[in-house]
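What follows is a single structure, written as structure tokens, with notes after it.
Chain naming here is simple, since letters A, B, ... match the order of the sequence lines and numbering starts at 1 in each.
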Amino acid sequence: MAKQLLLIDGNSIVFRAFFAMHNQIDKFTNKDGLHTAAIYGFKLMLDHVLDQFHPDAALVAFDAGKVTFRTKMYDDYKGGRNKTPDELTEQFPYVRELVEACGLHSYELKNYEADDIIGTLAKEGDEAGYETLIVTGDRDLTQLASDHTTVAVTHKGVTDTEHYTPAHVEEKLGITPRQIIDMKALMGDSSDNYPGVTKIGEKTAIKLVKQFGSVENLYDHIDELKKSKMKEHLVEDEAIARECKTLATILQDAPLEIGLDDITYRGEQTEELVAFYQQMGFKSFLAKMDLAPEEKADKSAPVEYTELTADNLAAVDQLEGELNFYLEMPDANYHTSPFAGFVIGDGKTWLVSRDAELLKQDPLKKLLESPAVAKNVFNAKAQIVGLHRLGIDLRNVDFDLLLASYLLNTNDNSNDLGQVALEHDYHEVATDEEVYGKGAKRAIPADDQVFYTHLAQKARAIDDLRAPLFKKLDDNQQTPLYTDIEVPLTRVLAAMEITGIKVNAQTLKDMGSKLTERLADIESQIYAAAGEEFNINSTKQLGHILFEKLKLPVIKKTKTGYSTAVDVLEKLADQAPIVEDILQYRQIAKLQSTYITGLLKVIHSSDQKIHTRYLQTLTQTGRLSSVDPNLQNIPVRLPEGRLIRKAFVPSHAGWQIFSSDYSQVELRVLAHITGDKNLQEDFKNGEDIHASTARRIFHLPADAEIDRNMRRRAKAVNFGIVYGISDYGLAQRIHVSRAQAHEFIQNYFKEFPGVKKYIDDTIAFAREHGYVETITHRRRYLPDIHAKSFSRRSFAERTAMNTPIQGSAADIIKIAMIRMKEEIKQRQLQARMLLQIHDELVFEAPAEEIPVLQKLVPQVMDSAVQLNVPLKVESKVGDTWYDLK
DNA sequence: AGCTTCACG
DNA sequence: ACGTACGTGAAGCTC
């Protein structure tokens, strides 16, 4: 195998790393106050590269200073750049130290740029038969791509790279890598501050390069160009173009004092690296080094603990005030996870054990169940469910670190206590990954000292973070959201999860056998039409069959090949019968794998029920999500898929399934939040909202019949408004021209001016405050609202207007759930709440209670909050989830 | 682990 | 010229 050469553009990577982490610059400082974000990012990049590429020789090239041969020939070269921030400049010496400790060489050369060092060595490598990888943050280096040299340019962040080979350059620009120089000579480079030819941009430059091959040849044949403004500019700026070409050309013969033999890659220098990490305070990298425990520097403050046994349980009685408690369940699924141990303590004393069975005994059980003793925990729902499995009913949760942290910032959230603590600048507790490892290596440490320290530190972190997080919630006016909604909801959700929903496995198995037969039929038809057997589930193989073998037109491409998504296949359906079969196959295969096999796998054998987990601290809007399995996406739209719901049955004979859902809750919230008079009026009049929208935006008389197509279009517009509309998106969805979609939207805004004003105001609010909020002050931060990138900024703007709507709807149903639970208890009903599906609540109840629910549930749901439009609730009942009517 | 596809609101 | 509707989770393939 060919030898491998790694060349890294040190300066550009350090710049990229610094600016990628710029928004958290103050979180990355070591104990001496040195900023370390760029150093950290550089190491991330290095690890990422060395993961896939194993060099024999490696060099990191740096710029030697501002003055180079280029500045001598062109004064303004790289002029106009902002001064490098001090927080970055101070990091460069340490990056070099890091590079050496990682076993790479570093080099700089007076009067030359890092690019020229790289160009020269890449050429040397090419000639010596090396495979070369260049890593850079600077697109200019792509001119060095060749058959044996690949240029990896960082995309966003530092680990996400785009690999440029000559083929990739050809595909993107339609020219060879060397012709990039000619292109840049013509178009100039605003960041390096050289002009190129007047009025020539990338498009024109590429066209000219394709036509003439090079700048020199272009001027040799300049007479062949027709008379035009562009030609005049070219003639006028000939000298500039030629000079710019020199500026744009990376040297491949710089007078280096080193060669490939001097830059052998040595691999990590463990001792140096450990010392370096310690100096920088890089705990996570230290943890990954897999060192013997004594080599790991433990920077966390020490914590004292006592091991609890059956003989000293009385120690628990000495605890005072609020208790911090943590039951360790190493698997994410707390319905089934083993118990690894627990810790309980009051801030002064920490009691630990590996034996969760101890919790069943008093005084531990009594304390946990006591409504008089407040508890502080991390992820109360997991604790409630886990303790319930031990026969313990955890009462009086005061502080839930996970929940509070989520409400404060939905963005950087994690299920790892250590990670969450870090988000709040608390460093006295390790992350689970650091202590337990990750992937296959993950395990609870056998060493008591290590494990108990971690447990005690977790409980201490909960204790230490309680006051500051409560303070922050209060500052954000989020205390009622926390106390009156989210904490009570935790108990409701825990009860729903514990109750579970009964699923008839035999029903699923019978459906599965039928589907298997149908799949076999369709499969053979597809193979016959294709003329060969292949894996239909592989988009790659399928793409090959459809677009290469059968030569169907390519409608859409993905990053990795041809798109074969539904909308694409639907456009091809009339051109080849195989397409219809593939759509059919996909539909059935999905049912089979996700909903038959998938659900069968998660039915608990003990009770024939499925116990999902609702994630209360995940979504950016305040909605719940459901995992293991997801019960919020059981098929309903297509008749075949809907049959799956037949397997969901009541848990007792003589019981029924009952379901109520909010009708158009998001549009009602929109009417409320925007205060739009027309929209409110339509809802108050009890109109069919999509029909009345159609009437307004298509300017129809009040008594006009609305045909299905008009209503369908108006409905799409209504959805579009809620999601943050674009004419393009709407046009795609309802198959009209973009101009027509644009007109629909303009009409909508004219008819509903309050909505237009709301959108503008909300985006302005987000720009000013950096976040948006719902009717209960649930927050979502939108850092990208100021992004330079159009698409990132646009996305932030759409979420700015959507989040208050979707989030407020989530708030409303959460309140309804809490009330419903109370009503059921107070009325001593046997009915149980089973599922929440965003705007719908599913119950099971004895048949004789159904009339009660028919009245009660809608009453509770539509009075959950008082909006300035009515809420509407519709209910259904049946013997299975499928049979609801 | 990332991508693509498709199920739901 | 950009690159396009909001929020999710699971499965299968590919590297």
Side-chain angles (χ1 to χ4, degrees), chain A residues 48 51-52 159-160 201-203 410 439 534-543 556-569 582-583 586-599 601-602 612-615 618-638 640-642 644-645 661-662 664-666 670 716-734 738 741 745 780 788-807 809-810 813 835-840:
Chain A
H48 187 74
D51 235 23
Q52 301 148 15
T159 54
D160 186 5
E202 183 173 322
K203 297 281 154 183
T410 53
F534 65 101
N535 185 346
I536 308 168
N537 287 322
S538 160
T539 48
K540 198 176 163 195
Q541 294 180 38
L542 181 61
K556 198 165 70 176
K557 282 196 150 197
T558 67
K559 280 182 205 166
T560 51
Y562 309 108
S563 172
T564 65
V566 173
D567 57 321
V568 172
L569 295 190
I582 289 163
L583 286 167
R586 282 245 180 98
Q587 200 192 80
I588 298 173
K590 174 88 180 175
L591 290 177
Q592 181 78 296
S593 65
T594 305
Y595 297 105
I596 302 285
T597 328
L599 288 177
K601 270 192 280 204
V602 290
T612 186
R613 283 182 297 133
Y614 289 103
L615 304 187
L618 182 136
T619 69
Q620 296 301 307
T621 55
R623 275 189 175 183
L624 301 175
S625 85
S626 158
V627 293
D628 284 346
N630 181 358
L631 291 183
Q632 293 181 317
N633 72 346
I634 302 300
V636 64
R637 290 176 197 167
L638 299 173
E640 286 144 304
R642 194 174 193 142
I644 298 284
R645 296 182 171 220
D661 70 288
Y662 284 112
Q664 292 125 10
V665 64
E666 290 190 347
L670 180 73
V717 172
N718 276 330
F719 270 96
I721 294 294
V722 171
Y723 294 153
I725 204 156
S726 77
D727 49 14
Y728 181 91
L730 181 64
Q732 284 269 304
R733 208 148 284 246
I734 58 175
R738 193 168 165 172
I745 295 167
R780 177 177 187 173
K788 284 220 167 53
S789 145
F790 173 87
S791 64
R792 289 169 72 115
R793 193 175 61 249
S794 305
F795 185 60
E797 288 170 358
R798 293 197 294 272
T799 42
M801 60 144 305
N802 171 266
T803 296
I805 316 252
Q806 192 182 117
I813 197 165
L835 303 175
Q836 188 254 41
I837 309 153
H838 308 306
D839 61 0
E840 176 185 6

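Residue A/R586 places no side-chain atom within donor-acceptor reach of the base of B/dT4, judged by atom type and a 3.5 Å distance cut-off alone. Side-chain to base pairing of A/S726 with C/dT4: one donor and one acceptor N or O lie within less than 3.5 Å of each other. The base of B/dC6 sits with one of its N or O atoms less than 3.5 Å from a complementary donor or acceptor on the side chain of A/K590. Judged by distance alone, with hydrogens and angles left aside, A/Q806 brings a side-chain donor or acceptor within reach of the base of C/dC6, the pair sitting under 3.5 Å.
Contact between the side-chain N/O atoms of A/S625 and the OP1/OP2 oxygens of C/dG9 is found at a separation under 4.0 Å. Residue A/Q836 has no polar side-chain atom (N or O) positioned under 4.0 Å from OP1 or OP2 of B/dG9. A/T558 has a side-chain polar atom (N or O) that falls below the 4.0 Å cut-off from OP1 or OP2 of B/dT4. Note on A/R798: a side-chain N or O is less than 4.0 Å away from OP1 or OP2 of C/dC6. Between C/dG12 and A/S538, no contact under 4.0 Å exists linking OP1 or OP2 to a side-chain N or O. Note on A/R637: a side-chain N or O is less than 4.0 Å away from OP1 or OP2 of B/dG9. Between A/T564 and B/dT5, a side-chain N or O to OP1/OP2 separation shorter than 4.0 Å is present. Listed pair A/T594 / B/dC6 fails the phosphate criterion, with no side-chain N or O lying under 4.0 Å from OP1 or OP2.
Atom P of nucleotide C/dT8 and atom CG of A/D628 are separated by 17 Å, given to the nearest angstrom. Put simply, CD on A/Q592 is 14 Å from C1' on C/dG12, counting in whole angstrom units.
The side-chain heavy atoms of A/L624 and A/T619, taken from C-beta on, include no pair separated by under 4.5 Å. Under the 4.5 Å side-chain criterion, counting only non-hydrogen atoms from C-beta, A/Y662 is not in contact with A/E840.
Checked against C/dC13, C/dG7, C/dT14, the side chain of A/R780 finds its nearest nucleotide in C/dG7. Distance from the side chain of A/K540 is smallest for C/dT14 among the nucleotides B/dG9, C/dA5, C/dT14. Listed candidates were C/dT8, B/dA7, B/dT5. Nearest to the side chain of A/Q620 is C/dT8.
When the P atom is used for both B/dT5 and C/dA5, the distance is 15 Å, rounded to whole Å.
Looking at A/Q620, its side chain does come within 3.5 Å of a backbone N or O of A/T410 through a donor-acceptor pair.
When Watson-Crick and G-U wobble pairs are counted only if both distances are under 3.5 Å, C/dT14 pairs with B/dA1.
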